[in-house]
Amino acid sequence: MAKIIVIGGGWSGCAAAIAAKKTGAEVRILERTDLLLGLGNVGGIMRNNGRFTAAEENICMGAGELFSLTDRCATHRNVDFPGHHHATFYNVILAEPQVRSLVKEMGIRTDFLTRAVDAVCEEGRLSAVKTAEGEYIEADVFIDCTGTTGPMGNCMEFGNGCSMCVLRCPAFGPRVSISEKAGGHDYYGKRADGTPGAFSGSVKLEKSSLSAEIVRQLEEKGTAIIPLPEELINESKLSAKVCRQYALRPFAENVILIDTGYAKMMTPYFPLEQLRTVPGFEHVRFVDPYAGGKGNSVRYMAVTERDAFMRVRGTKNLFCGGEKAGLYIGHTEAISTGTLAGHNAGRFARGQELLTLPESTAIGALLAYRKDDGGMITFAGDAFFAYMKEQGLYTTDREIIEKRIKQAGLTGVYNS
Ligand SMILES: Cc1cc2nc3c(=O)[nH]c(=O)nc-3n(C[C@H](O)[C@H](O)[C@H](O)COP(=O)(O)OP(=O)(O)OC[C@H]3O[C@@H](n4cnc5c(N)ncnc54)[C@H](O)[C@@H]3O)c2cc1C
């Protein structure tokens with residue numbers, strides 16, 4: 001049986017592992033922390049705008065497992081908030097244990113506290129990765145799903161210092177790009193002013209530290225929108241954040257909260273002293289990142305060049321998914337790219353022709369889409385969502401999506 005190693009157990013790594021397992025391979029995830037899902041432990045927004053279409057395309061192609069799981073863990077469904085429609089919010093506290101069980105039930109082995117630090121590679125073919133403990137782990141095919149966030153040095157240089165985010169680099173060691181170790185070429189995303197990387201766009205507040213009225217609104221509607229006093233409006237933060245889909249005036253003029261188990265506040269950071277002057281926030285506390293009063297994690301520091309099969313350029317048997325595979329923001333984007341990477345890793349191991357997704361699908365269009373300014377790309381808003389609409393790719397009609405996938409000959413392809 002072919003052996004496939006996935007490095008990094010975020011949404012893209014989990015999706016890659018599931019897709020690879022379904023091709024009949026023996027699959028093992030190496031994860032440097034003690035949790036699966038990586039940044040997925042603090043996000044939660046699914047199915048907003050074009051992400052709905054992409055989720056349904058994945059389901060039609062046979063990659064429904066992670067979407068049914070996030071749907072099942074939803075705190076709220078079909079929610080509209082500024083610039084966004086029909087969003088589902090999954091509970092970020094409940095999702096990880098469920099993904100962990102799913103992966104285990106599927107017979108995928110996960111090695112936690114296992115950080116890959118180097119690659120053994122000859123003429124573009126990897127034979128093993130080396131762990132921080134000095135162990136060499138061999139396989140036939142590898143998938144780099146290590147993300148682009150951190151390590152601490154990048155957050156110090158391009159952010160406001162280590163914000164103590166969920167990736168917890170000081171405890172578990174820095175992120176390492178296996179693509180670059182294997183001879184691939186990494187590049188970085190840019191903010192509007194050209195600075196490398198971008199701040200993650202939200203912080204999580206402890207619900208019990210908010211007023212009863214805000215919590216009531218949040219739990220009833222899924223969102224709460226609290227206008228900010230004039231002196232606290234800071235539009236400059238909009239251009240520093242990853243999530244261009246939220247770079248809209250209402251996100252500067254209001255505190256916009258979303259119920260993801262925590263109260264997710266849609267701003268990269270907010271000085272605690274100032275936030276506590278807003279009615280209802282007098283006792284507020286950050287739960288992620290701990291230093292959310294000052295900064296946030298810096299992302300898009302190590303995206304790798306790849307081909308249309310999700311294979312890292314310059315290598316033969318190394319695939320990539322998630323933020324590693326492009327300037328893609330989001331869980332849905334990570335699952336979509338990770339799934340194709342995992343599926344193709346399995347095809348490669350079986351000596352089969354590799355799969356590409358045509359641009360008649362929203363996912364295929366995303367994979368082919370390029371932005372000249374080094375900015376990030378998402379199904380959920382900004383330039384790529386506008387492009388989806390122009391091309392007639394955005395729809396919430398499941399029948400149309402089913403037909404589109406059928407016409408492309410892709411129905412159930414990930415189950416084959
Ligand atoms: C605060 C915040 C809020 C967000 N909110 C949303 C949202 O609401 N909706 C949405 O769609 N998206 C959201 N996002 C974006 C989304 O979470 C990410 O784009 C997506 O989850 C990235 O997944 P990934 O698998 O590519 O990378 P990551 O989640 O970064 O996973 C990478 C994994 O690799 C591991 N790793 C790294 N190096 C190594 C190594 N050398 N060896 C072993 N393991 C390694 C890491 O520990 C990590 O677990 C949010 C992001 C943040 C930070």
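All ligand and atom numbering here is 1-based and tracks the order in the structure. From a predicted model like this one, the values you see are computed outputs, not experimental measurements.
With a heavy-atom cut-off of 4.0 Å, A380 does not touch ligand 1 at all. Here R51 has side-chain heavy atoms under 4.0 Å from ligand 1, and that is the only part of it that gets that close. Only the side chain of I7 comes within contact range of ligand 1, with a heavy atom under 4.0 Å; no backbone atom does. With a 4.0 Å cut-off on non-hydrogen atoms, A334 touches ligand 1 through its side chain and not its backbone.
Each of the atoms 27 (O), 30 (O), 32 (C) of ligand 1 lies under 4.0 Å from some heavy atom of G147. Interface of L30 with ligand 1, defined as ligand atoms under 4.0 Å from a residue heavy atom, comprises 43 (C), 44 (N). Residue R175 approaches ligand 1 through these ligand atoms, each under 4.0 Å from one of its heavy atoms: 37 (C), 38 (N). Residue T33 has at least one heavy-atom neighbour below 4.0 Å for each of these atoms of ligand 1: 47 (O). Taking every heavy atom of V42 and a limit of under 4.0 angstrom, the matching atoms of ligand 1 come to 1 (C), 2 (C), 3 (C). In the vicinity of V176, heavy-atom distances shorter than 4.0 Å reach the ligand 1 atoms 38 (N), 41 (N). If you number the atoms of ligand 1 from 1 as listed, the ones under 4.0 Å from a heavy atom of C145 come out as 32 (C), 33 (C), 34 (O). Contact atoms of ligand 1 toward G322: 26 (O) (distance under 4.0 Å to a heavy atom of the residue).
A donor-acceptor pair under 3.5 Å is absent between the side-chain atoms of N296 and the main chain of G201, judged by distance alone. Without hydrogens or angle criteria, K221 side chain to V79 main chain gives no donor-acceptor distance under 3.5 Å. With hydrogens and angles disregarded, no donor-acceptor distance shorter than 3.5 Å links the side chain of N49 to the backbone of H84.
Nearest residue to atom 37 (C) of ligand 1 from V129, T146, I178, I335 is T146 (criterion: closest heavy atom). One option in S177, G10, S202 has a heavy atom closer to atom 3 (C) of ligand 1 than any other, and that option is S202. Here the shortest heavy-atom distance to atom 30 (O) of ligand 1, taken over L39, D111, I258, belongs to L39.
More than 12 heavy-atom neighbours from other residues, nucleotides or ligands sit within 6.0 angstrom of NE2 on H86. Within a 6.0 Å sphere centred on NZ of K190, heavy atoms belonging to other residues, nucleotides or ligands number 12 at most. Residue F158 places its CZ atom among more than 12 non-hydrogen atoms of other residues, nucleotides or ligands, all under 6.0 Å distant.
On a distance-only criterion, Y300 and ligand 1 share no N/O pair closer than 3.5 Å. For ligand 1, the polar-atom distance check finds an N/O of K264 within less than 3.5 Å of one of the ligand's N/O atoms. Considering backbone and side-chain atoms alike, S12 places an N or O below 3.5 Å from some N or O of ligand 1. Not one N or O of S297 is nearer than 3.5 Å to an N or O of ligand 1, by distance alone. For ligand 1, the polar-atom distance check finds no N/O of N296 at less than 3.5 Å from any of the ligand's N/O atoms. Between A116 and ligand 1, a contact under 3.5 Å exists for at least one N or O pair. Residue H331 places at least one N or O, backbone or side chain, under 3.5 Å from an N or O of ligand 1. Residue-to-ligand polar distances place G330 within reach of ligand 1: an N/O pair is separated by less than 3.5 Å.
In this structure, L354 and F319 have side chains that are in contact, with non-hydrogen atoms separated by less than 4.5 Å. Counting only heavy atoms from C-beta outward, the side chains of Y136 and V129 never approach each other to under 4.5 Å.
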Step-by-step side-chain contact (heavy atoms from CB on, under 4.5 Å) determination, R47 to E56: CA-CA 9 Å; R47 291 185 178 271; E56 291 299 323; 2.8 Å; yes
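In summary, the aromatic rings of W11 and Y90 are positioned with their centroids under 6.0 Å apart.
Using a 30° and 60° split on the angle between ring planes, F384 and Y387 fall in the tilted class, from 30° to 60°.
Taking the ring axis of F112 as reference, the NZ or CZ atom of R100 stays within 45° of it and closer than 6.0 Å to the ring centre. For R191 and F199, the positive end sits near the middle of the six-membered ring, less than 6.0 Å away and at most 45° from its axis.
With salt bridges taken as basic N to acidic carboxylate O contacts below 4.0 Å, one links R216 and E220.
Contact annotation: K324 has no heavy atom less than 4.0 Å from any atom of ligand 1. Heavy-atom separations between K204 and ligand 1 include at least one value shorter than 4.0 Å.
Donor-acceptor pairing under 3.5 Å is lacking for the side chains of T395 and D397.
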